[in-house]
Protein chains: 2
Amino acid sequence: MTDATRTARPLRRDAERNRQRIIEAAREVFAARGVAATLDDVARQAGVGIGTVYRRFPTKEALLEVALEEKLREQVRVAEAALEAPTGWDGLTMFLRAAVRMQAADRGLRDLALGAELSLTLYDRIRERVEPPITALVERAQSEKSLRPDITVHDVPLLLMMVTEIAHHSHQVRPDLHDRYLQLLIDGLRRSESAGALGRPPSSDDVDAVAKAWLPSAAARR
Amino acid sequence: MTDATRTARPLRRDAERNRQRIIEAAREVFAARGVAATLDDVARQAGVGIGTVYRRFPTKEALLEVALEEKLREQVRVAEAALEAPTGWDGLTMFLRAAVRMQAADRGLRDLALGAELSLTLYDRIRERVEPPITALVERAQSEKSLRPDITVHDVPLLLMMVTEIAHHSHQVRPDLHDRYLQLLIDGLRRSESAGALGRPPSSDDVDAVAKAWLPSAAARR
DNA sequence: AGCAACCGGAGGTGGGTGCTCAACTTATCC
DNA sequence: GGATAAGTTGAGCACCCACCTCCGGTTGCT
């Protein structure tokens, strides 16, 4: 019953230093290039050999998890904090803006938020803590007659995908450009008599399928 | 001064038949996989050898141009037809819906419309015939007080990119899903007192830069 | 029949990725 | 100040994919 990580002897000092360097480098590299970045990239950025990276982190997934766990938790915190907003509409738009800001600044975070090759247990743990607050906000905003009634929680990931996609392609040229289109979408979310019909909303499975098809690895595969 | 294509002797019958097969196959393959599709894919689909494709079309670009020229012209026609609409708003939304419908059904068309590796002369010829009608529609819809005033022509390509991106990733699962988000954006385009500020619009150069970064080849390169 | 035109597709070329391992270096402990 | 385990390194292997060439064999045309 002894926990493996607890009984493990501490790393030698140079090894521990390299481990930190690798994590730091991973944060930068994954932020810039997303989960598609190679561990060679990380090693070069960290100033260590590739072998060192592989010794410390058996898979890219393991490194991703360590490098981005904190930011993933932050996303949960943002969703929960949005519940404190005075209105459902404020909370929902606050969450959208915060999530876009974070994911626009870190492509790896965005890839993970879409469900990319993360340890499923951690991913599910995050997702199951983000969905309930957002569901609550959507319902509250609809009962307050500010959010249009034909929107569901499952639209939220799709909105984020669209906007962060713009963000990543325009980041070099106009790092703020995506805000323009997020605002346009937010204005489209407002209840209004002039709004057109939206058609059938995505199911939870639809969202998963789209996210999977959107990920870099899927694109490379076909 | 003799035109090379005019003085060229006609192809042998089997060669002409294969040429047509290749063009037909190219239309299917590029529609499904976009400009990233390989000429090997096209050859397999056409039931001919790769060598045959390369003899007939020295580069992928040449084949793309022949395979998609008609659809590109159709895009121009759609833009011009939108001018006939009763109001600027109707014309603009008609154009958006038509452009999205066509580009969602043909990924290659979408890639070319974004400016992917097409012979520059043809590309510019298309663009310079699409922009004026859209500019006119935007201005008309704004003077009619239906389109919000902080939108410019250069927003149109970005809107198309976002929506067609969703279209391509959701096509397998829910071929109509992108319409939902196009409608949301269209509702966001309507003039309204509750609309938020949009920030600085993209310049023409910004659009080019974003489109370039969005293309499959650019993603592979870095 | 004879010959130019045409076809096919194996394979050369060039690029990239994920990962290993044997030779070397360094921290730590007595 | 050794002895030793722990750590490091990066060339190199295995693999995959895309573009394109080349030439022995085939086919349509006159």
Margin query: Can you identify which nucleotide, out of D/dG10, D/dG28, D/dG7, has its nearest atom closest to the A/Ala15 side chain?
Written below: D/dG7
Notebook entry, point to check: Any idea which of C/dC7, D/dG28, D/dG7 is nearest the B/Asn18 side chain?
Noted result: C/dC7
Notebook entry, point to check: Mapping A/Val48 and B/Thr38 onto DNA chain D by nearest heavy atom, which one lands closer to the 5' end?
Noted result: A/Val48
Note to self: As a test of reading the structure: which of C/dA10, C/dC6, D/dT8 is closest to the side chain of A/Arg55, going by heavy atoms?
What the structure shows: D/dT8
Next item on the list: Look at all strands and tell whether A/Arg56 reaches a base, only sugar-phosphate, or nothing, counting heavy atoms closer than 4.0 Å.
Entry: sugar-phosphate
Item checked: Out of D/dC20, C/dA27, C/dG18, whichever nucleotide has its closest atom nearest the side chain of A/Arg13 -> C/dA27
Margin query: I'd like to know whether B/Arg77 forms a salt bridge (charged side-chain N to carboxylate O under 4.0 Å, His left out) with B/Glu74, so could you lay out the CA-CA distance, the side-chain angles of the two residues, the decisive distance to 0.1 Å, and finally the verdict.
Written below: CA-CA 5 Å; B/Arg77 246 174 280 138; B/Glu74 173 72 16; 2.5 Å; yes
Item checked: Interatomic spacing from CD1 in A/Ile151 to CG in A/Leu198 - rounded to 0.5 Å -> 5.5 Å
Next item on the list: State whether the distance check finds a donor on one side and an acceptor on the other, under 3.5 Å, for side chain B/Arg12 versus base D/dT27.
Entry: yes
Item checked: B/Asp14 or A/Arg19, whichever maps to the more 5' nucleotide of DNA chain D -> A/Arg19
Checklist line | Distance, nearest 0.5 Å, that separates CG of B/Leu177 from CG of B/Leu182 | finding: 11.5 Å
Checklist line | Side-chain donor-acceptor contact under 3.5 Å, A/Arg97 with A/Gln183 | finding: yes
